[in-house]
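Input: a single structure, listed below in structure tokens.
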Amino acid sequence: MINVEISNVVYEYEDGTTIYEIAKDFKKYYENDIILAVCNDKLCELSNVLTENSKIRFLTTANHVGSECYRRSVVFMMLKAFYKIADRKSFDKLSIQYSVSKGYYFKVCGGTKIDNTLLRRLKAEMDELVKQDILITKETFSTGKAMAKFKRFGMMDKVNLLKYRRASSVKIYKMKGFEDYFYGYMAYSTGILKYYELIPYDEGFVLQMPVKKSPKAVPEFIPQNKVSNTLKESARWAERLGVATIGQVNDKITDGTINNILMVQEALQEKKIADIASDIASREGVKVVMIAGPSSSGKTSFAHRLSIQLMAQGMKPHPISTDNYFVNREDTPIDEEGKLDYEVLEAVDVELFNRQMTELLEGKQVELPDFDFVLGKRTFNGNYVKLEEDDILVIEGIHCLNDELSYSLPEDRKYRIYVSALTPLNVDEHNRISTSDLRLLRRIVRDIRTRGTTAEHTIEMWKRVRRGEEKYIFPYQDSADAVFNSVMVYELSVLKVFAEPALFSVPEGTDEYLEAKRLLKFLDYILPLPKENIPHNSILSEFVGGSVFPV
């Protein structure tokens with residue numbers, strides 16, 4: 001017998017018992033399905049066998065890690081079903097493209113048309129797999145044998161990915177004869193994968209799945225077409241440049257052509273910024289540009305680069321950050337965890353902001369505030385501004401698309417821009433790279449460089465940042481006049497150089513450690529790239545250093 005500690009109580013189980021068998025004894029105490037566990041401070045699957053005294057903490061689908069495991073497992077089940085009902089000879093591959101609404105957009109390459117009839121058949125097959133409660137198992141292969149296997153399957157993106165894998169072995173998941181390689185852990189079996197919808201969209205379909213706050217409900221499908229179209233455009237460019245997956249980016253690094261990709265990517269972004277500036281200049285009466293986006297989306301660098309392009313249009317921009325309108329620290333709202341909440345609109349002095357912006361539009365001279373983050377107070381340091389005929393305000397902040405922030409400013413005088421890091425890059429044809437993960441890595445690297453903050457602290461506060469984004473940013477993103485994607489397909493290779501040492505410093509025994517280990521495993525797929533060739537006006541320089549802008 002071995003001792004198993006759960007919630008500070010010790011239980012006895014036979015040596016060789018799986019975590020799944022133990023989880024069955026405790027599932028009645030959980031509102032949502034148990035999907036993973038933390039055993040002796042290590043994340044593990046329920047299929048793991050216990051052979052020593054252990055301390056276990058269960059993770060459900062209402063946990064972030066558990067929710068991601070659920071979504072990954074549903075994708076595996078969908079692929080198993082699709083490859084069964086579709087004629088394998090009639091198409092090249094089924095490929096994940098990017099996130100849409102709360103799901104993933106898939107496209108069939110080279111054949112098979114997606115229609116309602118096919119999706120009904122696919123749904124029926126997936127429902128049958130849930131009903132059968134099929135085990136999801138895994139087997140270890142040498143990297144060479146795994147590459148040969150996927151080459152036979154025609155999954156060349158995986159072959160290319162594994163070519164750069166340092167480890168000598170690969171774990172391949174199996175579901176009733178269907179095999180695939182996934183980045184991240186899987187559910188024990190298909191029985192809990194009940195909640196999903198298949199929705200025809202564009203040239204393919206969206207696999208819509210629950211999120212952690214409502215793990216038993218599939219959210220309404222809201223495509224947010226402006227953001228989706230921006231992602232589609234980025235994905236199309238990535239495919240044309242031959243950098244749609246991590247393996248392809250690694251190829252460009254090893255063959256020495258990555259600098260060409262770098263220059264093209266920067267040129268594409270500069271053209272997009274210039275196009276937005278031209279659109280602003282063409283709109284008579286516009287005097288206020290409102291720039292919003294989630295954390296680490298590159299809003300500040302974008303605002304500076306846009307200001308340069310506006311100057312090229314004959315305008316005089318005045319950059320303003322809404323962070324300077326924060327209320328004093330003693331007046332900052334407290335969140336549900338008892339910590340200062342800078343994400344809510346109430347953390348901003350909305351009245352002062354509207355009064356000053358209105359006075360500027362009326363032609364008055366205004367002394368703009370600065371916020372001292374060390375003292376936690378708003379100060380006035382002689383920063384006087386008065387708008388002339390060709391002047392324009394360029395305002396950036398997380399609430400800038402929310403009309404409650406700028407309620408007193410006339411609609412016809414505002415131009416809204418949504419900036420985000422919408423990566424078109426994927427691990428391979430079946431594994432999506434989370435845009436949130438990319439932004440978190442940006443934030444970790446920047447916080448260490450500019451604020452002396454540890455990776456542990458940044459990871460700990462990230463869940464609060466994400467909670468604020470869901471409430472105060474994402475609902476407004478499709479109301480923008482323009483959407484700008486700040487991602488460079490090569491940037492993970494640059495961020496890796498700075499992020500890895502920071503992540504290795506996160507101490508064991510914490511949730512932050514588990515997240516750091518996950519990110520380190522992800523970065524292991526990526527070849528490093530030094531920052532020397534990154535232009536000093538690049539948005540990436542805001543995070544890795546060397547920017548010409550005051551960021």
Side-chain angles (χ1 to χ4, degrees), residues 224-231 233-234 266-294 297-325 353-354 356-364 366 368 385-422 473 476-487 537-539 542 548-551:
Q224 295 169 319
N225 291 324
K226 290 181 181 178
V227 173
S228 296
N229 288 338
T230 300
L231 264 168
E233 179 185 44
S234 298
E266 294 291 343
L268 286 170
Q269 287 198 349
E270 194 61 38
K271 182 181 184 303
K272 184 68 174 179
I273 295 170
D275 289 343
I276 293 173
S278 295
D279 190 33
I280 293 170
S282 70
R283 301 198 183 194
E284 186 177 352
V286 169
K287 299 290 281 185
V288 183
V289 177
M290 306 290 288
I291 303 169
S297 58
K299 296 185 294 295
T300 306
S301 291
F302 171 81
H304 285 291
R305 287 177 64 172
L306 178 66
S307 294
I308 292 171
Q309 289 292 344
L310 289 171
M311 291 171 69
Q313 293 284 338
M315 309 174 81
K316 183 180 178 182
H318 295 275
I320 295 174
S321 172
T322 58
D323 284 0
N324 288 323
Y325 287 87
F353 175 80
N354 279 271
Q356 289 200 330
M357 295 307 106
T358 299
E359 289 174 350
L360 285 171
L361 292 181
E362 292 172 348
K364 299 177 182 178
V366 172
L368 300 178
V385 173
K386 182 178 180 181
L387 295 188
E388 304 297 339
E389 182 178 351
D390 293 325
D391 290 11
I392 188 168
L393 299 173
V394 179
I395 306 170
E396 62 96 358
I398 64 173
H399 297 288
C400 278
L401 296 187
N402 184 349
D403 286 336
E404 291 185 31
L405 173 68
S406 56
Y407 67 86
S408 68
L409 306 184
E411 285 298 306
D412 59 354
R413 312 212 77 181
K414 291 189 283 190
Y415 187 98
R416 298 176 176 87
I417 303 172
Y418 179 69
V419 179
S420 193
L422 305 166
I473 299 176
Y476 304 100
Q477 59 190 8
D478 230 39
S479 67
D481 296 290
V483 176
F484 178 78
N485 189 0
S486 69
V487 157
N537 69 337
S538 173
I539 287 174
E542 177 178 332
V548 296
F549 303 122
V551 293

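Computation of the quantities below employed the complete heavy-atom set of this structure, encompassing side-chain atoms and omitting hydrogens, waters and symmetry-equivalent molecules. Position 1 is the first residue of the sequence; numbering continues from there. In this text, all values refer to a predicted model and were calculated from it rather than measured experimentally.
By the 4.5 Å heavy-atom criterion applied to side chains, K299 and I398 are counted as neighbours. Two residues are said to be in side-chain contact when any heavy atoms from C-beta on lie closer than 4.5 Å; M311 and P317 meet this criterion. With a 4.5 Å cut-off on side-chain heavy atoms, I308 and N537 do not count as touching. Using a 4.5 Å cut-off on side-chain heavy atoms (C-beta onward), D478 and V227 make contact. Looking at heavy atoms from C-beta onward, Y476 lies out of side-chain contact with C400 at the 4.5 angstrom threshold. Counting only heavy atoms from C-beta outward, the side chains of M357 and I395 approach each other to under 4.5 Å. Side-chain contact between H318 and L368 is absent, with no heavy-atom pair separated by less than 4.5 Å. Looking at heavy atoms from C-beta onward, D403 lies in side-chain contact with E411 at the 4.5 angstrom threshold.
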Let me see the working for Q224 and Q477 under side chain to side chain contact (heavy atoms under 4.5 Å, CB included), right down to the final yes or no. CA-CA 8 Å; Q224 295 169 319; Q477 59 190 8; 2.7 Å; yes

Side chain to side chain contact (heavy atoms under 4.5 Å, CB included), that's the test. Do F353 and S406 meet it? Break it down for me. CA-CA 8 Å; F353 175 80; S406 56; 4.3 Å; yes

For a salt bridge (charged side-chain N to carboxylate O under 4.0 Å, His left out) check, start with the C-alpha distance between E266 and R305, then their side-chain angles and the critical distance, and finish with the verdict. CA-CA 12 Å; E266 294 291 343; R305 287 177 64 172; 3.7 Å; yes

Check the pair D391 / L360 against side chain to side chain contact (heavy atoms under 4.5 Å, CB included), numbers first and verdict last. CA-CA 10 Å; D391 290 11; L360 285 171; over 6 Å; no

Test side chain to side chain contact (heavy atoms under 4.5 Å, CB included) applied to I320 and V385, step by step: CA-CA 11 Å; I320 295 174; V385 173; over 6 Å; no

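Proximity of a side-chain donor or acceptor of K287 to a complementary backbone N or O of E389 within less than 3.5 Å is detected. With hydrogens and angles disregarded, no donor-acceptor distance shorter than 3.5 Å links the side chain of D412 to the backbone of V286.
Using a 30° and 60° split on the angle between ring planes, H304 and F549 fall in the parallel class, below 30°.
The minimum heavy-atom distance between S408 and N354, with the atom names listed, is OG-OD1, 2.8 Å. Pairing each heavy atom of S420 with each of P294, the nearest pair is OG-CG, 3.5 Å. Here the closest non-hydrogen pair linking G314 and D390 is O-CB, 3.8 Å. Of all heavy-atom pairs between Q313 and A277, the closest is CG-O, 4.1 Å. Pairing each heavy atom of I473 with each of G293, the nearest pair is CD1-O, 3.6 Å.
Screening K226, R416, R283 for a side chain to side chain donor-acceptor pair (under 3.5 Å) involving D481 leaves a single residue, R283.
Once rounded to the nearest 0.5 Å, the distance linking CG of L409 with CG of L361 reads 6.0 Å. Annotation: the span from I417 atom CD1 to E396 atom CD amounts to 11.5 Å, rounded to 0.5 Å. Taking OG1 of T358 as the reference point, atom CZ of R413 lies at 10.5 Å (rounded to 0.5 Å). Q269 contributes atom CD, which lies 4.5 Å from atom CD1 of I539 (distance to the nearest 0.5 angstrom). Atom OG1 of residue T230 and atom CG of residue N225 lie 10.5 Å apart, to the nearest 0.5 angstrom. Atoms CD1 and NZ, on I276 and K271 in that order, are 11.0 Å from each other to the nearest 0.5 Å.
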